[in-house]
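Let me begin by presenting the structure, written as structure tokens, before commenting on it.
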Amino acid sequence: RWVLSLECKGSRNLMSALRRALEVDFKDKDKHNSQGLYLLTTGIPDQDTQTISAYVAEACAGAAVQLHVCLFRVPGGCTGVAPARFCSPRDTARAFREMVQAARGRFHCFGEAGIFESDDITSIISEMEKAKNYSQK
């Protein structure tokens, strides 16, 4: 319900959000046992994606945290908010896929038309293909 109540506004300062989530004070580190960060987004971050990928790879390597991305393809974009950066849907997906791989996470891309790409579904289909090939042998 909370996610559905969200509205488009502001910027996509992903680096700042990731730093806030990953750089926990040492005195409070025992209180935070996060296993995954979930990014729900409609577009490309304001910052360079290679810089974010490098940061995520380093930050997640020292912790047991994975970054998972759910990219929502919104037809026509968010009304009233001009994106700080523009990328084609294909380039946006490629950038987030790179970030997720750097953080050992999962990538999902979907919209009103359905699921465009999902690491979970890809894994299930792969397992089904392996089982089918094994049963044929």
Side-chain angles (χ1 to χ4, degrees):
R1 289 183 192 155
W2 173 77
V3 170
L4 293 175
S5 72
L6 296 176
E7 295 180 15
C8 296
K9 60 183 174 182
S11 69
R12 293 190 178 104
N13 188 351
L14 181 57
M15 186 63 90
S16 176
L18 289 172
R19 282 188 175 142
R20 186 171 182 190
L22 292 170
E23 295 175 8
V24 178
D25 251 350
F26 278 117
K27 65 180 180 175
D28 294 331
K29 206 162 193 123
D30 294 336
K31 297 177 188 175
H32 304 281
N33 294 323
S34 299
Q35 295 176 350
L37 269 150
Y38 293 84
L39 172 62
L40 310 174
T41 187
T42 57
I44 199 80
D46 294 343
Q47 298 82 22
D48 177 61
T49 54
Q50 291 177 337
T51 303
I52 295 173
S53 292
Y55 170 75
V56 167
E58 184 179 328
C60 291
V65 177
Q66 297 174 324
L67 172 66
H68 309 289
V69 173
C70 294
L71 174 62
F72 299 96
R73 284 196 188 169
V74 180
C78 294
T79 56
V81 178
R85 286 180 59 208
F86 174 78
C87 258
S88 71
R90 180 176 291 152
D91 290 340
T92 301
R94 186 179 314 120
F96 281 117
R97 205 175 305 110
E98 179 184 311
M99 284 180 222
V100 163
Q101 289 171 351
R104 305 173 329 271
R106 296 186 324 265
F107 175 72
H108 309 284
C109 180
F110 53 95
E112 289 181 356
I115 299 170
F116 298 109
E117 181 179 349
S118 172
D119 287 348
D120 292 345
I121 292 173
T122 302
S123 293
I124 291 169
I125 291 171
S126 174
E127 288 296 317
M128 290 168 55
E129 289 294 324
K130 285 179 189 175
K132 178 184 168 188
N133 289 338
Y134 181 75
S135 68
Q136 289 175 347
K137 289 177 183 177

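Side chains of Leu14 and Asp46 form no contact here, defined as non-hydrogen atoms less than 4.5 Å apart. At a threshold of 4.5 Å between non-hydrogen side-chain atoms, the residues Arg104 and Leu67 do not count as touching. Using a 4.5 Å cut-off on side-chain heavy atoms (C-beta onward), Pro45 and Phe96 make contact. Using a 4.5 Å heavy-atom cutoff, the side chains of Ile44 and Thr49 are in contact. A heavy-atom distance below 4.5 Å is not found between the side chains of Leu40 and Val69. Using a 4.5 Å cut-off on side-chain heavy atoms (C-beta onward), Asp120 and Arg106 make contact. Two residues are said to be in side-chain contact when any heavy atoms from C-beta on lie closer than 4.5 Å; Phe107 and His68 fail this criterion. Annotation: side chain of Thr41 is not in contact with side chain of Phe72 (no heavy-atom distance under 4.5 Å).
Annotation for Ala59 and Leu22: closest pair CB-CD1, 3.7 Å, computed over non-hydrogen atoms. Nearest heavy-atom pair, Arg12 versus Thr42, reported as atom, atom and distance to 0.1 Å: NH2-OG1, 2.8 Å. Residues Thr92 and Gly43 come closest through the heavy atom pair CG2-C, 4.0 Å. Contact between Ala102 and Ser53 at its shortest, heavy atoms only, is CB-O, 3.5 Å. For the residue pair Leu37 and Ala21, the shortest heavy atom distance occurs at CD2-CB, 3.4 Å.
With Ser126 contributing its side chain and Thr122 its backbone, the two residues share no donor-acceptor pair below 3.5 Å. Checked by atom type and distance alone, the side chain of Ser16 never pairs as donor or acceptor with a backbone atom of Asn13 at under 3.5 Å.
Residues satisfying the side chain to side chain donor-acceptor pair (under 3.5 Å) test with Ser118, not counting sequence neighbours, are His108.
Relative to the ring axis of Phe116, Arg73 places its NZ or CZ within 45° and under 6.0 Å from the centre.
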(request) Verify salt bridge (charged side-chain N to carboxylate O under 4.0 Å, His left out) between Arg97 and Glu117, making sure each step is shown before the conclusion. (result) CA-CA 10 Å; Arg97 205 175 305 110; Glu117 181 179 349; 2.7 Å; yes

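Going from atom CE of Met99 over to atom CG of Leu18 covers 8.0 Å, rounded to the nearest 0.5 Å.
The hydrophobic clustering, which links ILVMFWY residues whose side-chain heavy atoms are closer than 4.5 Å, places Phe110 and Ile125 together.
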